[in-house]
Amino acid sequence: MKTIERQILSEIDRLVPSGLIEQWAMHLRRQRSRASDALWLIENGFSVHDGRNGIPTEDVTERHRHELETTIAEVGRLLAQYDAINLRGCPDPTE
C-alpha cells in the first residue's frame, strides 16, 4: 500500500518547468489573438467556404464563427486561471 501511495504522490509532485508553462501561455495568447482577428474579419463582411478544387461549395461562416467564439472563451478561461495562479496565488479566478 505504501508503494501505491508513494507512486501517486510522486505523480502529483512532478513539476513542470516554468519556461514550458510560459510557452504554453504564450501559445494560448496567440491562438486567442488569431481567433479574435478571424472573428473580426467575419464581422466585417468576410465569409468562409468549404470547397473542392478551389470552387466554394458551402458557406460555413456561421459554423466557423461559433468555433472562433468558443476558442476565445475557452482560452480566456485558461489564461484567467494562469494569471490567477501566477499573479494572485489563487488557483481559481472566481474566488
Side-chain angles (χ1 to χ4, degrees):
M1 190 61 140
K2 291 281 184 187
T3 51
I4 292 173
E5 290 174 7
R6 181 169 288 161
Q7 182 181 10
I8 292 171
L9 285 176
S10 68
E11 290 178 17
I12 293 171
D13 292 339
R14 186 177 311 160
L15 299 175
V16 178
S18 62
L20 185 58
I21 300 295
E22 287 295 323
Q23 287 177 357
W24 288 343
M26 180 58 70
H27 173 73
L28 288 173
R29 284 187 177 91
R30 284 186 186 135
Q31 288 300 103
R32 183 177 61 184
S33 177
R34 288 181 185 125
S36 294
D37 290 348
L39 188 58
W40 181 87
L41 288 171
I42 289 171
E43 289 171 348
N44 285 281
F46 286 80
S47 59
V48 182
H49 292 81
D50 280 341
R52 175 171 269 172
N53 299 323
I55 300 170
T57 57
E58 181 180 0
D59 187 346
V60 293
T61 305
E62 286 308 310
R63 184 188 77 204
H64 194 60
R65 175 197 301 269
H66 176 69
E67 291 171 1
L68 293 170
E69 290 169 345
T70 301
T71 298
I72 293 167
E74 289 178 359
V75 169
R77 283 191 294 275
L78 288 171
L79 289 173
Q81 287 178 343
Y82 171 80
D83 290 341
I85 290 168
N86 287 297
L87 300 177
R88 296 183 291 277
C90 174
D92 185 359
T94 60
E95 292 181 357

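No experiment lies behind these values; they were computed from the predicted model shown.
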Q: To the nearest 0.5 Å, tell me how far S47 OG sits from E62 CD.
A: 11.0 Å
Q) How long is the gap from CZ on R63 to NE2 on H66, to the nearest 0.5 Å? A) 11.0 Å
Q.
Keeping N53 on the side-chain end and I55 on the backbone end, is there a donor-acceptor pair under 3.5 Å?
A. no
Q) Partners of L78 by side-chain contact (heavy atoms from CB on, under 4.5 Å), sequence neighbours excluded? A) L28, Q81
Q: Check whether any side-chain N or O of T57 sits under 3.5 Å from a backbone N or O of D50 as a donor-acceptor pair, and report yes or no.
A: yes
(Q) Could you list the cluster mates of F46? Members are the ILVMFWY residues connected by side-chain heavy atoms closer than 4.5 Å, either directly or through other members. (A) W40, L41
Q) Which heavy-atom pair separates H49 from P56 by the least distance, and what is that distance? A) CB-CB, 3.7 Å
Q | Whichever hydrophobic residues join V60 through chains of side-chain contacts under 4.5 Å | A | L39, I42, V48, L68, I72
(Q) Which residue is it: Q31, R29, Q23? I am looking for the one with a side chain to side chain contact (heavy atoms under 4.5 Å, CB included) to H27. (A) Q31
